[in-house]
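First up is the structure itself, then whatever we jot down about it.
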Amino acid sequence: METPTLQTDLAKLPHRPGVYLMLDETGKVIYVGAAKDLKKRVSSYFRRDISDIKTRKLVANIKSFDYEIHDSKEAAFIRERDLIRIHYPRYNIDWKDDKDYPLVQITVPSETERFSRLFIVRSSLNSYDWFFGRKKDVTALRSSVRILRRIFPIANKSYCFRTKKPCLDYSIKRCSAPCVEKISLNEYQQIVDEFILFLQGKREDLLEILYSEMNNQADKLDFEGAAKIRDRISQIERTVASQKSLAIPRDKDIVILLSEENNYLLLNFWIQNREIINIEERNWGILNSLSEVEIVRSYIQNFYLDSDFIPQIIESSVDLSEDQETLEIWLSKRQGKTVQISYRPDIPKDKLLAPIILKNRFKLGEQVRKEKRKLEIKNIALKELKERLNLSTLPNRIETYDISNLQGQLPVGSMVVFSEGLPQKSQYRKFKIKSLPSEPNDVAMMQEVLLRRLEHRDKKFSKELPDLIVIDGGKPQVNAIGKIISSLKLGLPVIGLAKREEEVFLPHKKTAVPFPDGSPALRLLKQTRDEAHRFAITYHKKRRVLQQKSGLDNIPGVGAKRRRNLLTHFGSIDKIRNASVEELCQVEGINRSIGEKIFLHFNSNPKMNH
């Protein structure tokens, strides 16, 4: 509903391209969009005849808006994505897959480089070199390249121009060793050109050239040379049959959006010579606020902004007519060639794509049904917890705490949050224990963690109080924490979950709360406890690794291997610190001179002693 303030702000909007930011009652950005005409686009959200339920949900939370004017909608597109990454708005898609894709780089010979080399890189920095790729899985890309280098033995070492003898790759027939003239530069360049043809998808042209070359060798009675080419032809044909190659430059992309009960799955088929060479997939789960047009438009905008190759044809199952012209201009400028976007409602009937689309539609349906079942079980678990623990409300927000230390060393605490039975990782918190007792005391550490969480909730932690606090421990732990809660007069329910018997204890109660075998409620409590334990241990290990690195770094003569041997032998940095020179010399690779350096490093540096 429009307020007088909103009406005034809408009237001031210009008919210019730009970016708009929707704000909620707290001033937080909940949605970011780009528009060719700010006044028309922003005003459209507040029409009375909006039929789209998702848009109505978004509008219901808008209390004000802000905007930026840009010279063009293309510039607004780029700024829109930057703002989404800055604010993480609730109603925008979370674009997590924004890393550079691995590419195959083939360098071009120059005055400083006599011959081409092959590398796997993350961005096409030198426009003069050849680049092929955008394969999502770098491990699969490396595996493909290893196989192809048996057929096309191309150099791939950074030190090629400094070596005087062939490397191991030459011995295993993965390199022709042009660096030491085991092959002429002309013959080597011919192999490189053939590899480029292969990556371009011109396999038939490549095989035609090789067959012709093989016949020429046979005509010259060079049967050994002809046999080598025949073997290469056979290898190429087997590779083509078993592998659908690397992700190569392509004729077109076909984008289809599948949906079921507000759950969305987007597939992007990369097509080359009527073959599917790769399928990009985005699965967002539930998106309550965005229309299908906004989802696909946002995908194209984000995906091709990071892409090193844009096909000249993009077909979409969703009509993008409102943004089509702007998207085409923007993509064409990025690619340096005309890019066309077309609407194809018949994509699901395409004979090439239909079986894959049908399979993924079924997968999406199964995912929706599975999530429904999970939610039903979570609701049952929450209701059971309310009844068995005699809570006044459903424990929709559960906070679970754990402590991790090694004999009192480097103690840490963890807090994990489950909302409506599901983990909320953005709200997890870790604690470095400040008060270090002379003897390990998990109860005192837990008290410190709870006090810091509850006393500083307006600054460092969520203002929202938990409906239930779960402590990893039995009666001693839960009784101690119960006293803390009482002293703060917050009235928060707290329970302890003991590991050994998986029993649930309430403060100052002698007996455990009974839960039947297979109880969904007990299973949920164990899930939160195990997650808190995992989170605490991960943080503790990280602190130990940092301490170990800082303890043995910068000792002359002690490299990675000797550090590893020392830590394996002694088990911890403290034991190395307290070891004598004679004890240090018992470690493999540590002689008297090195042992003395290690001893002096710890015993003459006051910062290293405790």
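Below, each value reflects all heavy atoms present in this structure, side chains not excepted, and no hydrogens, waters or symmetry copies.
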Q) Are any of the side-chain heavy atoms of Met446 and Ile481 separated by less than 4.5 Å? A) yes
(Q) Less than 4.5 Å apart, side chain to side chain, heavy atoms only: is that true for Gln424 and Ser419? (A) yes
Q) Sub-3.5 Å donor-acceptor pair from the side chain of Asp24 to the main-chain atoms of Asn61, do we have one? A) no
Q. Can you list the steps and then say if Thr338 with Gln312 is a side chain to side chain donor-acceptor pair (under 3.5 Å)?
A. CA-CA 6 Å; Thr338 302; Gln312 290 185 262; 5.7 Å; no
Q: Heavy atoms only: give me the nearest Ala532-Ser414 pair and the separation to one decimal.
A: O-OG, 2.8 Å
Q.
Between Asp319 (side chain only) and Ser321 (backbone N and O only), is there a donor and an acceptor less than 3.5 Å apart?
A. yes
Q. Are any side-chain N or O atoms of Ser44 and backbone N or O atoms of Arg41, one a donor and one an acceptor, separated by less than 3.5 Å?
A. yes
**Q.** Chi angles and distances behind the side-chain contact (heavy atoms from CB on, under 4.5 Å) call for Leu450, Ile471
**A.** CA-CA 10 Å; Leu450 263 293; Ile471 303 300; 4.1 Å; yes
Q. Picking from Asp253, Leu320, Asn268, what satisfies side chain to side chain contact (heavy atoms under 4.5 Å, CB included) with Ile300?
A. Leu320
Q: Determine whether Ile485 and Ile469 make a side-chain contact, defined as any pair of heavy atoms from C-beta on separated by less than 4.5 Å.
A: yes
Q.
Whether the side chain of Gln427 engages the backbone of Val417 through a donor-acceptor N/O pair (distance < 3.5 Å, no angle test) should be reported.
A. no
(Q) Determine whether Thr400 and Met415 satisfy the following criterion, side-chain contact (heavy atoms from CB on, under 4.5 Å), listing intermediate values before the conclusion. (A) CA-CA 6 Å; Thr400 305; Met415 175 187 99; over 6 Å; no
Q. Can you tell me how far the CD1 atom of Ile256 sits from the OG atom of Ser316, to the nearest 0.5 Å?
A. 9.0 Å
Q) Got Leu23 and Tyr31 here, is their nearest side-chain heavy-atom distance under 4.5 Å? A) no
Q: Check for a donor-acceptor pair, side chain of Thr528 on one end and backbone N or O of Leu525 on the other, with a separation under 3.5 Å.
A: yes
Q. Yes or no on salt bridge (Lys or Arg N to Asp or Glu O under 4.0 Å) for Glu261 and Lys372, after CA distance, side-chain angles and deciding distance?
A. CA-CA 11 Å; Glu261 297 184 23; Lys372 274 186 174 180; 2.9 Å; yes
(Q) So, using side-chain hydrogen bond (donor to acceptor under 3.5 Å, both in side chains) as the criterion, who are the partners of Asp402 when residues are at least two apart? (A) His533
Q: List in chain and number order the residues that pass side-chain contact (heavy atoms from CB on, under 4.5 Å) with Arg344, two or more places apart in sequence or in another chain; answer none if no residue qualifies.
A: Lys252, Ile254, Glu315, Asp346, Ile347, Asp350
Q.
Under the rule for side-chain hydrogen bond (donor to acceptor under 3.5 Å, both in side chains), what residues qualify as partners of Lys378, not counting sequence neighbours?
A. Gln527
Q.
Are the side chains of Leu258 and Asn263 in contact, using a 4.5 Å heavy-atom criterion?
A. no
Q. Are more than 12 heavy atoms from other residues, nucleotides or ligands located less than 6.0 Å from atom CD of Glu366?
A. yes
Q.
side-chain contact (heavy atoms from CB on, under 4.5 Å), that's the test. Do Glu376 and Glu371 meet it? Break it down for me.
A. CA-CA 9 Å; Glu376 287 170 2; Glu371 290 302 318; over 6 Å; no
Q: Determine yes or no for a side-chain-to-main-chain donor-acceptor pair under 3.5 angstrom, with Glu384 supplying the side chain and Ala521 the backbone.
A: yes
Q | CZ on Arg529 to CD1 on Ile495, rounded to 0.5 Å | A | 11.0 Å
**Q.** Under the salt bridge (charged side-chain N to carboxylate O under 4.0 Å, His left out) test, residues paired with Arg297 that sit two or more places apart
**A.** Glu80, Asp323
Q | Verdict with reasoning, Tyr299 to Gln301, per side chain to side chain donor-acceptor pair (under 3.5 Å) | A | CA-CA 5 Å; Tyr299 169 80; Gln301 172 192 342; over 6 Å; no
Q. Do Tyr88 and Val29 touch side chain to side chain, with heavy atoms closer than 4.5 Å?
A. no
(Q) When you measure from the side chain of Glu455 to the backbone of Arg452, do you find a donor-acceptor pair of N or O atoms at a distance under 3.5 Å? (A) no
Q | Considering all heavy atoms, the nearest Pro355-Lys351 contact | A | CD-O, 3.5 Å
Q. Relative to the ring of Phe77, is the ring of Trp330 parallel (under 30°), tilted (30 to 60°) or perpendicular (over 60°)?
A. perpendicular
Q. To the nearest 0.5 Å, what is the distance between NZ (Lys432) and NZ (Lys430)?
A. 10.0 Å
Q. Got a second to check how far Ile403's CD1 is from Met445's CE, nearest 0.5 Å?
A. 7.0 Å
Q: Would you please indicate if the ring centroids of Tyr20 and Tyr45 are separated by under 6.0 Å?
A: yes
**Q.** Partner residues of Lys363 under the salt bridge (charged side-chain N to carboxylate O under 4.0 Å, His left out) criterion, sequence neighbours left out
**A.** Glu281
Q. Could you give the distance from CG (Leu465) to CG (Leu492), rounded to the nearest 0.5 Å?
A. 5.5 Å
Q. Can you name the closest pair of heavy atoms from Ser317 and Leu257 and give their distance?
A. OG-N, 3.1 Å
Q: For Ile69 and Pro14, work out which heavy atoms get closest and say how close.
A: CD1-CG, 3.7 Å
**Q.** Flag, side chain of Gln324 to backbone of Ile341, donor-acceptor distance under 3.5 Å
**A.** yes
(Q) Under a 4.0 Å threshold between the charged nitrogen and the carboxylate oxygen, would Glu322 count as salt-bridged to Lys36? (A) no
Q. Is it true that a side-chain atom of Ser404 and a backbone atom of His540 form a donor plus acceptor pair closer than 3.5 Å?
A. no
Q.
For Glu325, is the CD atom crowded, meaning more than 12 foreign heavy atoms sit under 6.0 Å from it?
A. no
Q.
Quick check: closest heavy atoms across Arg523 and Gly518, and the distance to 0.1 Å?
A. NH1-O, 3.4 Å
Q.
As a quick check of understanding, evaluate side-chain contact (heavy atoms from CB on, under 4.5 Å) for Leu394 and Lys386, giving each step before the final call.
A. CA-CA 6 Å; Leu394 279 177; Lys386 181 178 180 293; 3.9 Å; yes
Q: For Asp467 and Asn396, indicate whether the former's side chain and the latter's backbone hold a donor-acceptor pair under 3.5 Å.
A: yes
Q. Is Gln335 close to Tyr304 at the side-chain level, that is, under 4.5 Å between some pair of heavy atoms?
A. no
Q. Should the pair Glu448-Lys434 be classified as a salt bridge under the 4.0 Å nitrogen-to-oxygen rule?
A. no
**Q.** Close side-chain approach of Phe119 and Thr107, heavy atoms under 4.5 Å
**A.** yes
Q | Atom pair CD (Gln340) and CD1 (Ile314), whose distance is rounded to the nearest 0.5 Å | A | 10.5 Å
Q) How would you list, by chain and number, every residue that makes a side-chain contact (heavy atoms from CB on, under 4.5 Å) with Tyr428, sequence neighbours excluded? A) Val416, Phe418, Pro423, Lys425, Glu531, Arg534, Phe535
